[in-house]
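All remarks here apply to the structure that follows.
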Amino acid sequence: PKKPPIVTLIFLHGLGDSPLGYVDFFTGPHSPLEKDSKVILLCAPELEVTCFNNYKCRRWFDVKNRSLEKPSDYDSLNAFSNFPAITQRIEEESSFYNNDNSRIILGGFGQGACIALSFYLMVNSNFGGVIALSGSLFHNVNLNILELKKKLNIFIGHGAKDSIIPLEIAEQSYQPIKPYSQYHIYPNMSHAISNEELKDVADFIQYCIGNK
């Protein structure tokens, strides 16, 4: 933006994807961000994925089994090792807002949603909100910090036809935080992002900015 941004969205891509796969969502006609906003698209390292016969691709954490039904299917210990890199970018961005993190929103798709949501819930810093698209909540996230946060702004969006992270698995994982969330299910959507969802995300961002 040509002047100080009204909000910064730090967004994490999904498994096997890259930041380039999300540029159009934030620059196209259906972008959920206003013009005087800033988006930072983070990039995961290229590493082996166990359930893909150790094929290398960009991923935030390893997946042991594609069923995703048991805590052991996710290598969440590996996932949390990426937190320092995210923290560094947040600290850099926070300086633009005089350390007021309420103007910073975390978000992600798929694996990126898992990381963004876990970071938001586990770090005792009051961000503007978190946007979790087509993801799920790690089984071993410590939710005690929920009582320490002044407020919670959580957007969850998921497609009913998602075959990568099935809706029933995602819904089960989200049960502890559903009372604190804006929860959206899109009947005709698969493991993707629709224009309808982007509109809801835009409304959520405006809600976060207006409820600092």
Side-chain angles (χ1 to χ4, degrees), residues 5-12 14 26 32-34 37-40 42 60-61 71 74 76 79-80 82-84 86-91 93-94 96-159 162 165 167-186 193 196-212:
I6 57 175
V7 66
T8 294
L9 172 63
I10 298 177
F11 196 85
L12 289 73
F26 301 110
L33 295 171
E34 294 188 10
S37 302
K38 181 178 181 180
V39 61
I40 298 174
L42 298 186
W60 297 105
F61 56 89
Y74 295 96
S76 52
F80 299 152
N82 283 295
F83 278 9
I86 300 171
T87 300
Q88 179 181 352
R89 294 308 303 267
I90 289 173
E91 289 176 350
E93 200 61 25
S94 181
F96 290 107
Y97 300 108
N98 296 319
N99 298 319
D100 177 12
N101 286 346
S102 68
R103 290 290 183 179
I104 299 175
I105 296 176
L106 309 179
F109 178 86
Q111 279 203 352
C114 299
I115 295 289
L117 186 57
S118 297
F119 192 95
Y120 176 81
L121 292 172
M122 296 179 67
V123 177
N124 188 17
S125 183
N126 289 293
F127 298 102
V130 64
I131 299 165
L133 308 180
S134 300
S136 64
L137 178 65
F138 286 128
H139 299 75
N140 59 342
V141 170
N142 184 353
L143 298 177
N144 292 333
I145 199 169
L146 292 177
E147 300 177 0
L148 301 177
K149 286 183 174 288
K150 296 178 182 178
K151 67 181 185 308
L152 287 166
N153 291 332
I154 301 174
F155 179 96
I156 295 172
H158 213 94
D162 193 328
I165 302 180
L167 177 60
E168 58 269 24
I169 291 176
E171 282 197 307
Q172 183 178 4
S173 75
Y174 286 137
Q175 288 304 315
I177 61 172
K178 281 185 72 174
Y180 309 99
S181 307
Q182 293 188 26
Y183 194 80
H184 299 260
I185 297 175
Y186 301 93
I193 301 174
E196 180 185 2
E197 186 174 42
L198 287 175
K199 182 181 182 303
D200 291 335
V201 169
D203 292 341
F204 173 75
I205 292 174
Q206 288 301 315
Y207 170 82
C208 292
I209 295 174
N211 288 271
K212 292 200 309 173

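We're numbering straight along the sequence, starting at 1. All values derive from a computational prediction rather than experimental measurement.
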As an exercise, state the distance from CZ of F204 to CD1 of I131, rounded to the nearest 0.5 Å.
6.0 Å
What residues, two or more places apart in sequence or in another chain, satisfy side chain to side chain donor-acceptor pair (under 3.5 Å) together with E168?
none
F83: which residues meet the ring-ring contact (aromatic ring centres under 6.0 Å, His included) condition with it, sequence neighbours left out?
F80, F119
Note: A132 and A113 closest approach over all heavy atoms is CA-CB, 3.8 Å
Atom of C208, atom of I105 and distance for their closest heavy-atom approach:
CB-CD1, 4.0 Å
Quick one: pull up CZ in F138 and CG in L121 and give me the separation to the nearest 0.5 Å.
11.5 Å
Pairwise side-chain contact, H184 with E196, heavy-atom cut-off 4.5 Å (strictly under)
no
Fit a plane to each ring of Y74 and F61, take the angle between them on a 0 to 90° scale, and name the class: parallel (under 30°), tilted (30 to 60°) or perpendicular (over 60°).
tilted
Point-to-point distance, once rounded to the nearest 0.5 Å, from CG of L198 to CG of L33:
9.5 Å
Quick one, I104 and S94 - any side-chain contact, counting heavy atoms below 4.5 Å?
yes
Looking only at heavy atoms, the pair that brings I165 and G110 closest together is CD1-CA, 4.5 Å
Of all heavy-atom pairs linking I185 and E171, the shortest is CD1-OE2, 3.2 Å
Is a donor on one side and an acceptor on the other found under 3.5 Å between the side chain of N153 and the backbone of G128?
yes
Do the side chain of S173 and the main chain of A170 share a donor and acceptor less than 3.5 angstrom apart?
yes
Min side-chain heavy-atom separation L152-Y120 under 4.5 Å
yes
What pair of heavy atoms forms the shortest contact from E197 to H158, and how long is it?
OE2-N, 4.1 Å
Please report the shortest heavy-atom distance between I6 and Y97, naming the atom on each side.
C-OH, 4.4 Å
Just how far is it from atom CD1 of I115 to atom CG of L42, taken to the nearest 0.5 Å?
11.0 Å
Measuring centre to centre across the rings, with the benzene-like ring taken for any Trp, is Y207 within less than 6.0 Å of F155?
no
Give, for atom CG of D200 and atom CD1 of I205, the distance between the pair rounded to the nearest 0.5 Å.
11.5 Å
From CD1 (I40) to CD (E93), nearest 0.5 Å:
4.0 Å
K178, NZ atom: more than 12 neighbouring heavy atoms under 6.0 Å:
yes
